[in-house]
K.L.:
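Below you'll find the structure I mean.
Values reported hereafter were calculated over all heavy atoms of this structure, with side chains retained and with hydrogens, waters and symmetry mates removed. Each ligand, and each atom within it, is numbered from 1 in the order the structure gives.
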Amino acid sequence: MVRTRFAPSPTGYLHIGGARTALYCWLYARKTKGTFILRIEDTDLERSTPESVQAILDGMEWLNLNYDEGPFYQTKHFDRYKEVINQMLEEGKAYRCYCSKERLEKLREEQMANKQKPRYDGFCRHHDTSNKEGPYVVRFKNPEEGVVEFEDLVRGKVVFANAELDDLIIARSDGTPTYNFTVVVDDWDMKITHVIRGDDHINNTPRQINILRALGATPPAYAHVPMILGSDGKRLSKRHGAVSVLQYREEGFLPEALLNYLARLGWSHGDQEIFSIDELIQYFDLHNINRAPAAFNQEKLLWLNQHYMKTGDPLHIAKEFAWHMQKLEIDISEGPSLHDVIKAQAERTKTLKEMAERSRYFYEDVHVTDEMKAHFPTDLVPALTTLRDKLADLSEWSKEKIHETLNQAAESHGLKLGKLAQPVRIALTGGTVSPPIDITMLLIGRDRVVERLNKVMDV
Ligand code: GLU
């Protein structure tokens, strides 16, 4: 049974790279009918914050990446880590190291001067320390010879020489476990079968494998996913704009668009660009993850977003859209259904935020500004009057009838349709861009249309 985990450190928001890792872990578990686990790696007490934990949980929820187990918090497992550390000490798989800061500093300087890679020399491993007192750290007895080899599911065969790895500290002098150690214990206890994570962790992997083996555990399979680059080829960061998942929500993206985009960013299935979640689950495989880093492309994300705004499940989109309307403090309790507004607007907007900003007039009064006045010369009043009266009398408030009425009103005053339609649009929406005028009028509703026409005529 496949068991994957997403193991973020809550030291910031859930960023795009983390979300992609979470998605791959989730997809692989769903594909294999396995189990997806969320584990919050919060042992760095200084850098972890509750806000960041919340941002991760909110981000996962918004993306709809549901977990079967968790969230687990590493800070709640300290007893377990201690137990394993003691067991390793007893079994001689780890040792107490009493080396002073000064000694380690000196060692480091010497190694640097000799152009060697700085690493612990194993002093306390090879000397009897049983009479020692004072503060100590616990180090793992890394094998001194041979290699660590593993078949990375993305990169292929990876080999590290043990001589390159020194004896890792697994417990600090205050007894707290270190990062690489907690990962190992949890992956082991949680029976993780596939570790899918960013390739910035590749150097940790041989160390973790050695510790797992020392514990008598079978290491999981590993898949190290290449990083995401900005458009300038540098590692994606805040400089490139939004990187937090929730910020993408604020900017008006749909979760399915972001998921589709993230899935394709670093993974492919032929030339296909658009994938439903079910298709992703069906086609996703770790072997098809690209080896090369992928560059983030905002234009493509916008394109996908618009695609999903046009074609996605209207109910779900309406829910997201309502969130944006609420943020703009637009009261949607009266007026057209969100669903109809989305249908009318999706053609000309790329994000829900933009859509919301451009949909205020469906729900709120339009104030006649000085700028608008120029569009209503006095000689337009007769045509506007005709239009208003005919609209007020319409037997049926339908797109077709509205369209017909507009045509007739324009014609009867010797105007081209556009000469009447554009001022009407401005009167009704306060701007020059909106969905087709008949649909715009249909959605605004008869009473409000008549009211707004009266208002500009008064001015
Ligand atoms: N906590 C690590 C991070 O946020 C991930 C560790 C792992 O996946 O093994 O980078």
K.L.:
With respect to V183, determine whether any N or O atom, backbone or side chain, lies less than 3.5 Å from an N or O atom of ligand 1.
P.N.:
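No, there is no polar N/O contact under 3.5 Å.
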
K.L.:
Can you tell whether the side chains of R80 and E83 come within less than 4.0 Å, N to carboxylate O?
P.N.:
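E83 and R80: salt-bridged.
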
K.L.:
Among protein heavy atoms, which sits nearest to atom 6 (C) of ligand 1, and what does the distance come to when rounded to 0.1 Å?
P.N.:
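The closest one turns out to be Y179 OH, 2.8 Å.
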
K.L.:
Do R30 and D68 sit within salt-bridge range, that is, some charged N less than 4.0 Å from a carboxylate O?
P.N.:
yes

K.L.:
Give a yes or no on whether a salt bridge exists between R249 and E320, defined as a side-chain N under 4.0 angstrom from a carboxylate O.
P.N.:
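Judged by the 4.0 Å cut-off on N to carboxylate O distance, R249 and E320 do form a salt bridge.
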
K.L.:
Between ligand 1 and R5, can you find any atom pair, the residue atom being a heavy atom, that is separated by under 4.0 Å?
P.N.:
yes

K.L.:
Using heavy-atom distances, let me know which of H201, Q208, E41 sits nearest atom 3 (C) of ligand 1.
P.N.:
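Nearest option to atom 3 (C) of ligand 1, by heavy atoms: H201.
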
K.L.:
Atoms of ligand 1 less than 4.0 Å from S9 heavy atoms?
P.N.:
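So the atoms of ligand 1 that pass are 1 (N), 2 (C), 3 (C), 4 (O).
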
K.L.:
Do the rings of H201 and Y179 sit parallel, tilted or perpendicular, given the 30° and 60° boundaries?
P.N.:
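Tilted: the ring planes of H201 and Y179 meet at 30° to 60°.
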
K.L.:
Please enumerate all residues that pass side chain to side chain donor-acceptor pair (under 3.5 Å) together with H324, with sequence neighbours excluded.
P.N.:
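So H324 forms no side chain to side chain donor-acceptor pair (under 3.5 Å) with any residue.
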
K.L.:
Report yes or no: does F6 have a heavy atom closer than 4.0 Å to ligand 1?
P.N.:
no

K.L.:
Quick one: side chain to side chain donor-acceptor pair (under 3.5 Å) pairs with a partner in residues 4-16, sequence neighbours left out?
P.N.:
R5-D187

K.L.:
Considering only the protein, which heavy-atom contact is closest to atom 5 (C) of ligand 1, and what is its distance?
P.N.:
A7 O, 3.2 Å

